[in-house]
Amino acid sequence: MDPADETEQPPPPCALDKFHISPEYGFLLPDPQTELPAPYRPWMDLARSLPDLIATRQLRAHVHQAPQLSAAQLHGHRDLRLAHLVLGFITAGYVWQDGEEGPVLPQNLAVPFWEVSRRLGLPPILLHADLVLANWRQRDRAGPLELGNLDPIVWLPGGESLRGFVLVTMLVEKAAVPGLQAAPAIRQPNGETLLQALAQLAMALGAMTEALMQMHGEDGFPLWRDNPAMPAGLLYEGVWELPQAYSGGSAAQSTVLHAFDAFLGVRHHEESSAFLHRMRDYMPPRHRAFVEAIQALPPLRELVLSSGNEALHCAYNRCVTALAAFRTRHIAVATKYVVTATAAKRSRGSPGTSPLQAAPSRPEQRGTGGSPVLRFLKSVRDATREALLNV
Ligand code: HEM
């Protein structure tokens with residue numbers, strides 16, 4: 001079956017490959033494709049010139065001149081993922097270039113983007129699944145997966161800071177892989193297997209925090225939820241009659257943390273939980289199904305609690321502590337970025353700082369001002385700590 005066909009029922013909880021999770025790369029797309037089939041050259045040319053076209057404010061003119069291509073000659077999951085990445089970036093750049101109220105995405109971009117999105121079961125907007133999961137390549141294919149040997153496939157203005165954001169987030173996803181491999185072990189909760197799985201998860205969480213530490217305050221472009229420039233969303237010409245208000249991409253769409261929360265039975269406070277839950281609509285359907293499959297299993301926390309096994313209690317608590325530590329570190333990174341971005345914005349006096357921040361989102365969302373966002377992140381971290389068992 002073509003993995004792009006997402007219409008069948010999610011498979012029962014078991015092997016990771018049923019959820020399109022690679023044993024080596026986790027939720028990352030392994031060795032992402034960097035070229036589309038020949039008929040799609042106009043899209044690739046636009047995507048490759050985005051930084052220049054946006055800087056010289058010529059992107060919209062170039063998009064208007066581009067032919068309308070059907071998505072019919074895209075075959076298979078990898079073609080479709082690259083097309084979604086490319087069209088998502090062109091859309092973000094198109095919207096951002098003039099930043100006016102009520103933008104209209106022209107038909108020659110909106111229709112194929114919608115077609116590709118429908119085939120993948122994803123919304124037609126730039127997502128974490130594009131920006132990070134499918135947007136990396138190794139300079140030397142035999143070399144290590146390290147910042148110095150990686151590049152994003154598609155760029156926007158933002159140079160090094162965007163590169164840092166995309167690639168560090170990619171390395172966090174990679175560091176999570178041993179933790180994902182441990183997840184199926186909660187199906188056979190024999191004490192020893194579970195102990196090993198929890199030790200592996202705690203190690204993965206520690207490695208994720210280490211990877212995150214490569215992010216500096218100036219690295220950024222989180223696709224925040226709020227976008228005051230587009231309270232009514234984006235009109236997809238030739239697709240829908242009314243504007244669509246999608247959330248801007250965010251690493252909150254990374255399935256990793258949702259999966260680990262589900263695995264450990266972390267329960268988020270109501271408001272944070274509503275937002276996080278909504279972010280699942282922005283994940284590849286099989287990845288979302290993985291989180292749901294974990295949630296459908298007997299709850300691990302209760303199992304550990306009722307086992308009376310002290311070693312299990314400690315191993316479980318080590319995971320929760322490591323997850324809370326990751327979130328504490330993330331808060332520090334986000335705080336630094338919010339401060340840097342706010343200062344840059346003030347000095348420029350401009351409303352938007354990057355094309356990615358201009359992705360459309362829902363009107364009811366909270367402001368991008370530091371404190372509501374940081375309050376949200378702290379609430380998520382505090383709820384993590386509340387899962388700790390008393391031993
Ligand atoms: C410059 C770097 C980063 C900044 C400024 C940043 C900022 C933010 C912000 C503002 C949010 C709130 C939700 C939203 O508005 O979208 C958020 C959520 C989140 N971010 Fe980041 N982020 C950064 C890097 C990362 C990285 C590398 C990861 C790793 C996967 C990550 C994972 C998450 C997760 C999982 C959430 C949801 C809340 C949670 O589960 O704790 N972020 N981030």
Side-chain angles (χ1 to χ4, degrees), residues 26-28 126-129 131-133 136 147 158 160-177 179-180 204-205 207-227 246-262 264 266-269 271-280 282-283 291 323-342 344 353-354 356-357 359 361-362 365-385:
F27 296 111
L28 292 165
L126 189 68
L127 308 162
H128 176 79
L131 182 69
V132 173
L133 301 183
W136 61 277
L147 278 184
E160 277 305 298
S161 58
L162 175 60
R163 185 176 178 277
F165 178 72
V166 169
L167 298 176
V168 172
T169 312
M170 180 263 166
L171 291 173
V172 172
E173 290 273 345
K174 174 74 172 91
V177 175
L180 297 174
L205 284 161
M208 286 164 62
T209 307
E210 256 179 53
L212 182 63
M213 284 162 88
Q214 298 178 74
M215 188 88 79
H216 303 292
E218 62 280 5
D219 292 335
F221 299 113
L223 313 181
W224 288 349
R225 292 171 270 169
D226 176 54
N227 174 27
Y246 290 113
S247 277
S250 154
Q253 297 166 359
S254 161
T255 313
V256 167
L257 277 289
H258 290 251
F260 291 167
D261 279 342
L264 295 170
V266 172
R267 299 172 79 87
H268 290 294
H269 306 154
E271 202 191 337
S272 325
S273 166
F275 169 73
L276 290 172
H277 215 267
R278 199 153 48 75
M279 289 298 100
R280 292 193 193 166
Y282 295 80
M283 295 174 186
V291 182
L323 179 53
F326 174 84
R327 288 192 155 123
T328 298
R329 182 67 220 171
H330 174 261
I331 292 168
V333 170
T335 306
K336 228 165 152 190
Y337 177 75
V338 166
V339 172
T340 313
T342 309
T353 54
S354 93
L356 300 183
Q357 278 173 299
S361 61
R362 292 194 195 287
Q365 288 153 7
R366 296 180 289 172
T368 52
S371 45
V373 165
L374 296 176
R375 263 204 305 278
F376 161 77
L377 294 176
K378 283 179 186 154
S379 135
V380 172
R381 190 267 319 272
D382 293 347
T384 310
R385 287 183 179 151

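Keep in mind that this is a model prediction, so the values were computed, not measured. Counting convention: from 1, in listed order, for ligands and their atoms alike.
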Worksheet, complete the sentence: In short, His258 meets Ala252 closest at the heavy-atom pair NE2-O, 2.8 Å
Worksheet item: Counting from 1, what ligand 1 atoms have a heavy atom of Val172 closer than 4.0 Å?
Response: 29 (C), 30 (C)
Worksheet entry | Sub-4.0 Å atoms of ligand 1 with respect to non-hydrogen atoms of Met215 | 1 (C), 2 (C), 24 (C), 27 (C)
Fill in: For Val373, atoms of ligand 1 separated by under 4.0 Å from a heavy atom
10 (C)
Worksheet item: Which of the listed options, Val166, Leu212, Val168, holds the heavy atom that is closest to atom 26 (C) of ligand 1?
Response: Leu212
Fill in: Closest non-hydrogen atom pair, Ala176 against Phe260
O-CZ, 3.7 Å
Worksheet entry | Candidate with minimal heavy-atom separation from atom 35 (C) of ligand 1, of Leu257, Leu323, Leu171 | Leu257
Worksheet item: What do we get for Thr169 next to ligand 1 when only non-hydrogen atoms under 4.0 Å count, side chain, backbone, both or neither?
Response: both
Item to complete: Could you list the residues that satisfy salt bridge (charged side-chain N to carboxylate O under 4.0 Å, His left out) with Arg267, not counting sequence neighbours?
Response: none
Item to complete: Ignoring hydrogens and angles, tell me if any N or O in the side chain of Thr169 forms a donor-acceptor pair with the backbone of Phe165 under 3.5 Å.
Response: yes
Item to complete: Mind checking whether Asp261 contacts ligand 1 via backbone (N, CA, C, O), side chain (CB onward), both or neither, at a 4.0 Å heavy-atom cut-off?
Response: neither
Worksheet entry | Non-hydrogen atoms of Leu147 and Arg163 that approach each other most closely | O-NH2, 2.9 Å
Response to the item:
Looking only at heavy atoms, the pair that brings Val132 and Leu28 closest together is O-CD2, 4.1 Å
Worksheet item: Ser250 heavy atoms, cut-off 4.0 Å: which ligand 1 atoms fall inside?
Response: 14 (C), 16 (O)
Practice prompt. Quick one: do Arg385 and Thr328 satisfy side-chain contact (heavy atoms from CB on, under 4.5 Å)? Show the steps, please.
Written response: CA-CA 11 Å; Arg385 287 183 179 151; Thr328 298; 3.7 Å; yes
Worksheet item: Can you tell which part of Arg381 has a heavy atom less than 4.0 Å from ligand 1: side chain, backbone, both or neither?
Response: neither
Worksheet entry | Distance-minimising heavy-atom pair for Gln253 and Met283 | O-CG, 3.4 Å
Discussion item. Need the ligand 1 atom indices (1-based, order shown) with element for anything under 4.0 Å from a heavy-atom of Val380.
Written reply: 39 (C), 40 (O), 41 (O)
Discussion item. When you compare ligand 1 with His330, is there at least one nitrogen or oxygen pair between them that comes in under 3.5 angstrom?
Written reply: yes
Worksheet item: For atom 28 (C) of ligand 1, which candidate among Pro372, Ser247, Ala251 holds the nearest heavy atom?
Response: Ala251
Fill in: Heavy-atom nearest neighbour of atom 24 (C) of ligand 1 within options Phe165, Phe326, Phe275, Phe260
Phe165
Item to complete: Check each atom of ligand 1 against the heavy atoms of Ala252 and keep those under 4.0 Å away; list them by number with element.
Response: 19 (C), 34 (C), 36 (C), 37 (C)
Discussion item. Under 3.5 Å, is there a donor on one side chain and an acceptor on the other for Arg327 and Thr384?
Written reply: yes
